Amino acid sequence: MPVGPSPPEIFQRAVEEGQRRLDQSTLELVATSFIAGFTIVFGIAALGAVEALVEPQLGDAATVAGALTFGLGLVYLVVGRAELFNENFFDPVATAFDHDDSWLVGPLLRLWTLTFVFNFVGGGLFSLVVAVDGALPAGSGHALRSVATRIATRTPLTVFASAIIGGALVSLLSYMLEGVDSVGSQIAMAYSVGFLLALGPFDHVVVTGLHVFVGMLFGAQVELGQLAVVFGVGTVGNLVGGVGLVTLSHVAQLRGSESD
């Protein structure tokens, strides 16, 4: 038997949360985006450290242990109410559909642009800290270098497909968070999505980009063309999966329930 709020109730919660996100001052938005960037690096660093520690015993299965550890980074992000690109797709777009006002295009672009930029600023600066010699356990650099190389050497089509999945996953998380009331449930959902995101690994342009950057700091050889694919194709794929697949599907679901 269905439990929890109905789809229209979830959508209304998303509209209210989206309005809050759109109404943030520039300083608040920059700060929360910066915080999200370095928060995710905690998860990346933990993934590298755990993979390095358990790989001698588990072999290739160490990637599962790393993914399980990375999930904590998304928990910190959600509980801390930081602003991560793609994670803020569903709620503000729901607000735009609910208001049916063209003026919301500007605030949406402002939200996404500042979030994208300052996620990388915060994450990039903190990456320089974790890459200091000896800051992470021995072998972590090798693990993080391997992840970065694996990500950067994929074909553009693979990156696009992976980014659609990653964008859908993270936007689906936003939707599901509006459907629960307890912090415990929110933590469980954030952790499960973080685990799946890292296990793929499925592309979230900020998470994937920071993975590659950290790996490069540890010596991964990545070409500029490969970086362009990670960022450009990854961003487009996230938009297709997050906005095109998840958000618009739930908007259609709402419209269908209203016509009953």
Side-chain angles (χ1 to χ4, degrees), residues 33-55 60 62-77 80 82-87 115-154 158-159 162-163 166 169-170 191 193-235 237-238:
S33 301
F34 182 89
I35 292 167
F38 74 71
T39 299
I40 283 298
V41 176
F42 277 114
I44 293 172
L47 179 149
V50 168
E51 280 199 22
L53 289 170
V54 304
E55 194 274 336
D60 290 342
T63 58
V64 178
L68 286 167
T69 308
F70 174 81
L72 295 172
L74 225 60
V75 171
Y76 297 160
L77 187 88
E83 196 80 41
L84 183 69
F85 183 75
N86 189 341
E87 183 261 340
T115 301
F116 186 89
V117 170
F118 284 95
N119 280 170
F120 280 112
V121 172
L125 290 175
F126 197 59
S127 296
L128 296 174
V129 176
V130 302
V132 171
D133 187 36
L136 297 181
S140 302
H142 172 72
L144 291 167
R145 189 165 58 247
S146 298
V147 171
T149 302
R150 206 159 57 236
I151 290 171
T153 53
R154 296 170 304 167
T158 300
V159 173
S162 179
L169 259 177
V170 177
Y191 181 79
V193 168
F195 167 66
L196 289 174
L197 203 63
L199 185 65
F202 299 121
D203 280 49
H204 176 286
V205 65
V206 173
V207 176
T208 305
L210 289 173
H211 261 300
V212 173
F213 181 62
V214 172
M216 291 172 67
L217 293 175
F218 281 104
Q221 300 299 308
V222 178
E223 299 176 359
L224 287 178
Q226 293 171 325
L227 274 179
V229 170
V230 169
F231 287 105
V233 177
T235 300
N238 282 173

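Values in this document were obtained by computation on a predicted structure and should not be read as measured data.
Residue pairs that meet the salt bridge (charged side-chain N to carboxylate O under 4.0 Å, His left out) test with at least one member in residues 202-216, sequence neighbours left out, are Arg154-Asp203. Applying the side chain to side chain donor-acceptor pair (under 3.5 Å) test to every pair with at least one member in residues 117-133, sequence neighbours left out, gives no pairs at all.
Residues meeting the side-chain contact (heavy atoms from CB on, under 4.5 Å) test with Phe218, sequence neighbours left out: Ala131, Leu136, Leu144, Arg145, Val214. Taking Thr153 as the reference, nothing meets the side-chain hydrogen bond (donor to acceptor under 3.5 Å, both in side chains) condition, with sequence neighbours excluded. For Glu87, the salt bridge (Lys or Arg N to Asp or Glu O under 4.0 Å) partners two or more places apart in sequence, or in a different chain, are Arg21. For Phe42, the side-chain contact (heavy atoms from CB on, under 4.5 Å) partners are Phe38, Phe126, not counting sequence neighbours. Residues meeting the side-chain contact (heavy atoms from CB on, under 4.5 Å) test with Tyr191, sequence neighbours left out: Leu68, Leu72, Val75. Partners of Phe85 under the ring-ring contact (aromatic ring centres under 6.0 Å, His included) rule, at least two apart in sequence or in another chain, are Phe89, Phe116.
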Throw together a table of side-chain donor-acceptor distances under 3.5 angstrom for residues 219-226, partners on residues two or more places apart or in other chains.
from	atom 1	to	atom 2	distance (Å)
Gln221	NE2	Gly219	O	3.1
Gln226	OE1	Glu223	N	2.9

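The minimum heavy-atom distance between Ala52 and Ala143, with the atom names listed, is N-CB, 4.3 Å. Here the shortest heavy-atom pairing between Leu47 and Ala67 reads CD1-N, 4.3 Å. Residue Ala163 comes nearest to Asn238 through the heavy atom pair O-ND2, 2.9 Å, listed as atom of the first residue, atom of the second, then distance. Residues Ile35 and Ala82 come closest through the heavy atom pair CG2-CB, 4.3 Å. Nearest heavy atom pair, residue His204 against residue Leu197, reads CB-CD2, 4.1 Å. Between Tyr76 and Thr39 the shortest heavy-atom distance is CB-CG2, 3.5 Å.
Among Thr69, Val64, Thr63, the single residue meeting the side-chain contact (heavy atoms from CB on, under 4.5 Å) criterion with Glu51 is Thr63.
Side chains of Leu227 and Met216 form a contact here, defined as non-hydrogen atoms less than 4.5 Å apart. Side-chain contact between Val230 and His211 is absent, with no heavy atoms from C-beta onward closer than 4.5 Å. Using a 4.5 Å heavy-atom threshold, the side chains of Phe120 and Phe34 count as separate.
Although no hydrogens or angles enter the test, the distance criterion places no donor-acceptor pair under 3.5 Å between the side chain of Ser162 and the main chain of Thr158.
Of the inter-residue distances, the one linking Ile40 atom CD1 with Leu84 atom CG reads 5.5 Å to the nearest 0.5 angstrom. Distance check, rounded to the nearest 0.5 Å: CG of Leu74 to CG of Leu169 gives 10.0 Å.
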